[in-house]
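Residue numbering restarts at 1 for every chain, and letters A, B, ... go by the order of the sequence lines.
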There are 2 protein chains.
Amino acid sequence: MSPHDDGRQNLALLCFYPARAMEARVLAAMAEAGFDDITAAQGRIAARIGPAGTRLTDLAAQALVTKQTAGHLVDQLERAGYVRRVPDPTDARARLVQMAERGWAVVALARQVEAEVEAEWTAHLGEEATAQLRAALTRLREVTDPYR
Amino acid sequence: MSPHDDGRQNLALLCFYPARAMEARVLAAMAEAGFDDITAAQGRIAARIGPAGTRLTDLAAQALVTKQTAGHLVDQLERAGYVRRVPDPTDARARLVQMAERGWAVVALARQVEAEVEAEWTAHLGEEATAQLRAALTRLREVTDPYR
DNA sequence: TGACGATGGTCAGGTCTTCTGACGAAATAG
DNA sequence: CTATTTCGTCAGAAGACCTGACCATCGTCA
């Protein structure tokens, strides 16, 4: 969060560029494919829905937003037909947020675009450097991601 | 933007964790030091102000927001005494956004916290891996940052 | 088993961020 | 010296988030 001073860029800022670029690319591809009613915030929530469905509280925790915010975003996703809420058989208080058919279609597209962009990056950096990058970031995650 | 599926995490998502962690750390340190009226969005704009001042349009372009958004954020920063606007001597239409004294104090604190966090990361990864990480991210920036 | 703290989720209301659209004023090009 | 671009602002609205207050259910422990 501080400027370009001594040439050596802030490591976190360097991390930010690829993340932002990927989000923009995926969102643009979505819009082009007709899924123009998805926002970045909705995507960040939707991306964390597991195969069998995920509780709202868990989605909120992983995305680092409040339950209210997550609930609001899930409302929108539900209204647009991307997800549905079903009762959690193991807890009468809870409900599971599950992908609907339309949701799976979007996920498939997102994965494809992500793969394409990663391929571009790998072409730019080279196979070995990319593998090293992934390894370093994975280890860095141990100290930067409170959830796992 | 897609879930934890095949164990191998999305490269962009891996980039996102450190960026988010750093922003949270810096913001928390700010608040603790009494600069509790700064928001993340304001910080992202302020971080791009150069030593001699920067035009609003340039700030907007670098932060990837519209001129209106940047203008609004600079309004807030100005009201809080962190920055000031001065006429651009080379262009009567433009004004330069410059750091004020209070602004420099915050920048100094932010730099210090950034350095501390980077040191933690370096301790976790090792000197060599950190240097490689920085090099890879710097090269990746060539294809992910439209501004430089 | 029955009170009680912890947990899952919603409702209400508000702030901050960000956008589109339209516009004056100054610079630049032909 | 007009035509076009560029710098910045005003106006209005939507989206993303938050705090605080609540209710229903779960788990526990006397």
(request) Could you state the atom-to-atom distance from CD of B/Gln42 to P of C/dT18 in whole Å? (result) 10 Å
(message) Please confirm whether the shortest side-chain N or O distance from B/Arg55 to OP1 or OP2 of D/dC7 is below 4.0 Å.
(response) yes
(message) Quick check on DNA chain D: between B/Asp75 and A/Val65, whose nearest nucleotide comes earlier from the 5' end?
(response) B/Asp75
(message) What's B/His72 touching, base or sugar-phosphate or nothing? Going by heavy atoms closer than 4.0 Å.
(response) base
(request) Just compare D/dC26, C/dA25, C/dT17 and give me whichever is closest to any side-chain atom of B/Arg93. (result) C/dA25
(request) Please check the phosphate of C/dT17 (OP1 and OP2 only) for any side-chain N or O of B/Gln76 closer than 4.0 Å. (result) yes
(message) Distance check needed: C/dC11 C1' versus A/Lys67 NZ, whole Å only.
(response) 12 Å
(request) Report yes if a side-chain nitrogen or oxygen of B/Arg95 is closer than 4.0 Å to either non-bridging phosphate oxygen (OP1 or OP2) of D/dT9; otherwise report no. (result) yes
(request) Mind checking B/Gln68 for me? I need base, sugar-phosphate or nothing, with any heavy atom below 4.0 Å counting as a touch. (result) base
(request) Calculate the interatomic distance between B/Asp36 atom CG and D/dT19 atom P; express it in whole Å. (result) 14 Å
(request) Specify the separation, in whole Å, of atom CG of A/Asp37 and atom P of D/dA14. (result) 17 Å
(request) Round to a whole Å and report the spacing from CZ of A/Arg79 to P of D/dA14. (result) 14 Å
(message) Closer than 4.0 angstrom, basic N to acidic O: yes or no for A/Glu118 and A/Arg111?
(response) no
(request) Pick base, sugar-phosphate or nothing for B/Thr57, based on heavy-atom distances below 4.0 Å to the nucleic acid. (result) sugar-phosphate
(request) Return no unless some side-chain N or O of B/Thr69 is found under 4.0 Å from OP1 or OP2 of C/dT17. (result) no
(request) Would you mind checking if B/Arg84 and B/Glu78 are paired as a salt bridge, meaning a charged N to carboxylate O distance below 4.0 Å? (result) no
(request) Tell me whether the OP1 or OP2 atom of D/dT19 has a side-chain N or O from A/Thr66 closer than 4.0 Å. (result) no
(message) So for atom CD, which belongs to A/Glu32, do other residues, nucleotides or ligands contribute more than 12 heavy atoms lying within a distance under 6.0 Å?
(response) no
(request) Calculate the interatomic distance between A/Gln62 atom CD and C/dG8 atom P; express it in whole Å. (result) 13 Å
(message) What I'd like to find out is whether the side chain of A/Arg141 reaches to under 4.5 Å of the side chain of B/Phe16, using heavy atoms alone.
(response) no
(request) Look only at the side chain of A/Arg20 and the backbone of B/Thr144, and say whether a donor-acceptor pair between them is shorter than 3.5 Å. (result) no
(message) If you compare every side-chain N and O of A/Arg85 against the phosphate oxygens of C/dT10 (OP1, OP2), does one of them come in below 4.0 Å?
(response) yes
(message) Quick one, B/Arg55 and B/Leu96 - any side-chain contact, counting heavy atoms below 4.5 Å?
(response) yes
(request) Check every atom of D/dA16, C/dT10, C/dA26 against the side chain of A/Leu73 and return the nucleotide holding the closest atom. (result) D/dA16
(request) Mind calculating the distance between CG (A/Leu56) and P (C/dG8) to the nearest angstrom? (result) 10 Å
(message) Nearest whole Å is fine: how far is D/dA16 P from A/Leu59 CG?
(response) 16 Å
(request) Scan A/Asp91 against the nucleic acid and name what it touches under 4.0 Å (heavy atoms): base, sugar-phosphate only, or nothing. (result) sugar-phosphate
